[in-house]
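Reviewing the structure listed below.
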Amino acid sequence: MRFPSLLAATAATVLAVPAMAQDNHDPAQDFNGPYVSIGGGGTLQGSDRGETLVFDTNQDGAYGDPVLDAAGGDVFAPGFCNGAATSTANIGCRNDKDGPEYFGRIGYDRRMGNFVLGAVIEGGRSEARDSVSGFSDAGDSYMMSREADWQAGARLRAGYTPGGGALFYVTGGGAYARLDNKFATTNSVNSFADSGKTNGWGYSAGGGVEVMAARNLSVGLEYLYTDLKDDDYTVSVGQGSAPAPDPLTGVDIQRSDPHFRTHSVRGTISYRF
């Protein structure tokens with residue numbers, strides 16, 4: 001999925017609907033009062049180049065320890081990639097997955113002349129996935145990925161409407177997601193236990209345009225940047241059937257970057273009471 005094509009498709013949908021607008025409503029009443037919305041679009045991820053896995057070898061809660069073999073060599077010397085492993089070599093990684101999103105929203109606007117202040121609460125789901133992989137000198141790959149089971153946000157918005165009909169606005173506020181974390185490895189001798197689903201907290205900010213298509217109906221196009229902090233997911237390595245001494249036994253693994261950052265382009269349809 002590419003940003004320009006997604007933006008063009010969503011914009012075409014939004015701009016086509018006002019052609020059905022009727023002239024039997026009073027523009028002075030636009031964007032004033034409660035409303036409900038549904039919407040959808042696409043979630044895209046920026047480059048998180050340089051992300052790695054990090055290790056706590058003595059379980060003191062401090063990550064960044066090297067994992068050393070019996071000869072003092074770095075077990076993860078082959079390196080890392082900011083994507084999902086497709087082989088046991090770090091040249092075999094695919095990019096993070098962009099995906100569709102869909103949501104519902106309730107809001108309230110207060111119009112003061114041509115200025116509008118409002119608040120929005122929304123919930124929904126994005127199918128984007130963020131992965132990072134590491135590769136060991138034993139020829140194994142280790143991959144962590146995360147995506148949102150569901151997410152929610154509460155934001156303020158402020159805008160300007162030139163006499164009604166269209167509203168241009170900026171928005172920002174808190175964001176939350178229940179994150180589904182997964183771990184996969186080709187290492188079949190050690191045992192692995194992970195901490196499961198986690199809570200990501202952060203913020204969203206962006207802006208958009210909303211156009212009245214009828215007396216009680218509006219359509220919109222919106223961009224939203226979201227940054228969620230997720231630093232609770234851990235994978236703990238056990239010995240399993242690995243022969244002793246084993247450099248991975250007792251090691252805890254996390255991602256080096258706890259932030260899950262996304263860019264969303266979405267269209268909305270709102271019913272205004």
Side-chain angles (χ1 to χ4, degrees), residues 43 45 47-69 74-99 125-151 176-202 227-244 246-262:
T43 304
Q45 298 182 70
S47 173
D48 48 3
R49 193 172 303 167
E51 186 179 12
T52 69
L53 300 177
V54 290
F55 309 95
D56 178 8
T57 59
N58 55 9
Q59 297 185 338
D60 64 354
Y63 287 81
D65 303 331
V67 181
L68 303 177
D69 58 26
D74 185 351
V75 170
F76 286 88
F80 306 89
C81 72
N82 57 309
T86 58
S87 72
T88 56
N90 60 0
I91 58 173
C93 285
R94 61 177 177 267
N95 292 333
D96 290 335
K97 176 190 171 186
D98 299 331
R125 174 177 166 80
S126 164
E127 297 186 13
R129 184 182 304 123
D130 178 28
S131 303
V132 61
S133 301
F135 305 88
S136 73
D137 56 10
D140 290 309
S141 64
Y142 302 78
M143 182 190 71
M144 287 183 171
S145 65
R146 58 189 169 198
E147 60 183 295
D149 272 350
W150 60 275
Q151 55 199 98
Y176 166 82
R178 182 63 171 169
L179 296 172
D180 184 10
N181 300 283
K182 289 184 171 61
F183 175 76
T185 180
T186 60
N187 179 338
S188 59
V189 294
N190 288 103
S191 62
F192 300 88
D194 73 344
S195 55
K197 296 185 180 183
T198 55
N199 299 309
W201 296 90
D227 186 340
L228 299 170
K229 188 175 183 180
D230 166 37
D231 56 1
D232 294 328
Y233 182 64
T234 302
V235 174
S236 299
V237 186
Q239 185 159 350
S241 61
D246 173 56
L248 284 173
T249 299
V251 172
D252 288 340
I253 309 173
Q254 284 190 342
R255 308 172 69 119
S256 65
D257 186 356
H259 292 274
F260 186 16
R261 305 176 180 92
T262 57

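In this structure, OG on Ser136 lies 10.5 Å from CG on Asp69, to the nearest 0.5 angstrom. The distance from atom OG1 of Thr262 to atom CG of Leu228, rounded to the nearest 0.5 Å, is 6.5 Å. How far CZ of Phe192 is from CD1 of Ile253: 6.5 Å, rounded to the nearest 0.5 Å. Distance check, rounded to the nearest 0.5 Å: CG of Asp231 to CG of Asp257 gives 10.5 Å. Once rounded to the nearest 0.5 Å, the distance linking CZ of Phe80 with SG of Cys93 reads 11.5 Å. With values rounded to the nearest 0.5 angstrom, Arg125 atom CZ is found 10.5 Å from Thr43 atom OG1.
Partners of Asp149 under the salt bridge (charged side-chain N to carboxylate O under 4.0 Å, His left out) rule, at least two apart in sequence or in another chain, are Lys197. The side chain to side chain contact (heavy atoms under 4.5 Å, CB included) test applied to Ser191 returns no partner, not counting sequence neighbours. With sequence neighbours left out, the ring-ring contact (aromatic ring centres under 6.0 Å, His included) criterion links Phe76 to Phe55, Tyr142. Scanning for side chain to side chain contact (heavy atoms under 4.5 Å, CB included) contacts around Ala193 gives an empty result, with sequence neighbours left out. By the side-chain hydrogen bond (donor to acceptor under 3.5 Å, both in side chains) test, Asn90 is found to be paired with no residue, residues two or more places apart in sequence or in another chain being considered. Residues satisfying the side-chain hydrogen bond (donor to acceptor under 3.5 Å, both in side chains) criterion with Thr234, sequence neighbours excluded, are Gln254. By the ring-ring contact (aromatic ring centres under 6.0 Å, His included) test, Tyr176 pairs with Trp150, Trp201, sequence neighbours left out. Thr249 meets the side chain to side chain contact (heavy atoms under 4.5 Å, CB included) test with Asn190, Gln239, Asp246; sequence neighbours excluded. With sequence neighbours excluded, the residues satisfying salt bridge (charged side-chain N to carboxylate O under 4.0 Å, His left out) with Asp227 are Arg261. For Tyr233, the side-chain hydrogen bond (donor to acceptor under 3.5 Å, both in side chains) partners are Asp194, not counting sequence neighbours. Phe260 pairs by the ring-ring contact (aromatic ring centres under 6.0 Å, His included) definition with nothing, not counting sequence neighbours. In this structure Lys182 satisfies the side-chain hydrogen bond (donor to acceptor under 3.5 Å, both in side chains) test together with Asp180, sequence neighbours excluded.
Put simply, the side chain of Thr88 never gets that close to the backbone of Ser141: no donor and acceptor are under 3.5 Å apart. A donor-acceptor pair under 3.5 Å is absent between the side-chain atoms of Glu51 and the main chain of Arg255, judged by distance alone. Checking side-chain atoms of Ser256 against main-chain N and O of Thr52 turns up a donor-acceptor pair under 3.5 Å. Using a distance-only test at 3.5 Å, with no hydrogens or angles considered, a donor-acceptor pair links the side chain of Gln45 to the main chain of Lys97. Listed for the Arg94 side chain is no donor-acceptor partner under 3.5 Å among the backbone atoms of Gly83.
Residues Ser195 and Asp232 have side chains that never bring a donor and an acceptor to within less than 3.5 angstrom of each other.
Taking every heavy atom of both residues into account, Ser145 and Ser131 meet most closely at CB-OG, 3.2 Å. Minimum heavy-atom separation, Leu68 to Pro247: O-CB, 3.2 Å. Of all heavy-atom pairs spanning Phe135 and Ser87, the tightest one is CE2-O, 3.5 Å. Looking at every heavy atom in both residues, Met143 comes nearest to Ser133 through CG-OG, 3.3 Å. Between Pro258 and Arg146, the shortest heavy-atom contact is O-NH1, 3.6 Å.
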- Would Asn187 and Leu248 satisfy side-chain contact (heavy atoms from CB on, under 4.5 Å), going step by step from the backbone distance to the final call? CA-CA 11 Å; Asn187 179 338; Leu248 284 173; 3.8 Å; yes
- Candidate pair Arg178 and Asn199, rule side-chain contact (heavy atoms from CB on, under 4.5 Å), full reasoning: CA-CA 5 Å; Arg178 182 63 171 169; Asn199 299 309; 3.0 Å; yes
- Residues Asp230, Asn181; criterion side-chain contact (heavy atoms from CB on, under 4.5 Å); working and verdict: CA-CA 10 Å; Asp230 166 37; Asn181 300 283; 3.6 Å; yes
- Task: Tell me, with the steps shown, if Asp252 and Gln59 meet side-chain contact (heavy atoms from CB on, under 4.5 Å).
- Result: CA-CA 7 Å; Asp252 288 340; Gln59 297 185 338; 3.9 Å; yes
- Task: Show your reasoning for whether side chain to side chain donor-acceptor pair (under 3.5 Å) applies to Asp140 and Thr185.
- Result: CA-CA 7 Å; Asp140 290 309; Thr185 180; 5.6 Å; no
